[in-house]
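Below is one structure, written out as structure tokens; comments come after it.
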Amino acid sequence: MCEQIRLLETAMIQQRTWTGGQHRVAALDHPFLRHPARRLVWLGFDERANPEVSFRVAADGTATDRDGRTIGVDSARIAVAHPLQLAGELPHWVSHFTNHELRQPFPQLAREVHALTERERTATSLERFAHRMVPTSALLRLEGFGWRRGAPIDGVHDHLYRPIDGDLQVLLHLDDGIAVEESEPEGERVIEAVELSSRPASPWWRRCGDTAFGALNPITASEVLRELAAIFE
């Protein structure tokens with residue numbers, strides 16, 4: 001079940017959309033996901049990918065708005081709503097879920113949102129995370145968010161990377177890498193730099209930031225910052 005719920009959270013993070021029919025098969029009629037799906041807020045988009053309506057799914061499968069009224073959803077695409085997409089409607093949905101004691105399967109409405117500073121939007125690296133020490137165990141929790149260890153060089157993983165849609169990837173360089181033979185790495189590591197690159201992560205001389213972080217849309221930027229901030233908690 002946890003793995004299935006993670007698929008819904010990943011769909012929100014990656015801003016995946018479904019047609020109405022796909023949404024019913026993949027979520028509403030799914031034996032494991034139909035109950036979690038009823039405790040989330042969804043968004044319907046028009047043909048131009050503009051948000052049309054936010055809703056949740058009642059026990060009988062009908063769509064209801066933030067006030068609990070049944071509505072018709074005739075949207076081109078449907079997605080799990082990210083709090084940044086709900087804007088002014090977010091407080092109303094928080095109140096609705098609180099009043100009806102609806103417990104969400106993963107942080108959605110109460111999700112921490114982050115934003116790049118103006119300086120970071122024009123930079124290819126995030127100075128706020130550079131030269132900071134972090135427990136290796138916390139660092140490797142990033143793999144649960146889809147980060148991967150880079151190909152080893154001389155028996156050492158000297159960076160982690162997070163693929164972004166398209167050819168972009170966030171690179172997290174380590175001052176002291178993780179040896180391949182370390183099955184359960186211990187101790188602490190220093191983050192040398194966090195950069196955004198449009199180039200392959202190997203060979204080593206091609207690993208460098210060449211793209212400003214402003215290329216990321218606000219949701220992707222928020223999720224990247226959220227994942228990185230979590231390893232320091």
With a 4.5 Å heavy-atom cut-off, do L168 and L196 have their side chains touching? yes
So, using salt bridge (Lys or Arg N to Asp or Glu O under 4.0 Å) as the criterion, who are the partners of [X] when residues are at least two apart?
X	answer
R162	E227
D176	none
R69	D65, D67
R111	E9, E223

Once side-chain contact (heavy atoms from CB on, under 4.5 Å) is applied, do any residues pair with N217, and if so which ones, sequence neighbours excluded?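 side-chain contact (heavy atoms from CB on, under 4.5 Å) check on N217 returns Q15, I219, T220.
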Pairing residues for T117 by the side-chain contact (heavy atoms from CB on, under 4.5 Å) criterion, not counting sequence neighbours: R119, E120, R128
Count the heavy atoms of every other residue, nucleotide or ligand shown that sit under 6.0 Å from CG of D165, and state whether that count exceeds 12. no
Verify whether one side chain among S198 and D167 offers a donor that lies under 3.5 Å from an acceptor in the other. no
Looking just at side-chain N and O atoms, do W42 and S54 make a donor-acceptor pair shorter than 3.5 Å?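 S54 and W42 do not have a side-chain donor-acceptor pair below 3.5 Å.
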Parallel, tilted or perpendicular, judged at 30° and 60°: which one describes the rings of H173 and H159? tilted
Should W18 and I5 be counted in the same cluster of Ile, Leu, Val, Met, Phe, Trp and Tyr side chains packed under 4.5 Å apart? yes
Is the shortest distance from a Lys or Arg side-chain nitrogen in R189 or E182 to a carboxylate oxygen in the other one below 4.0 Å?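 Salt bridge flag = yes for E182 with R189.
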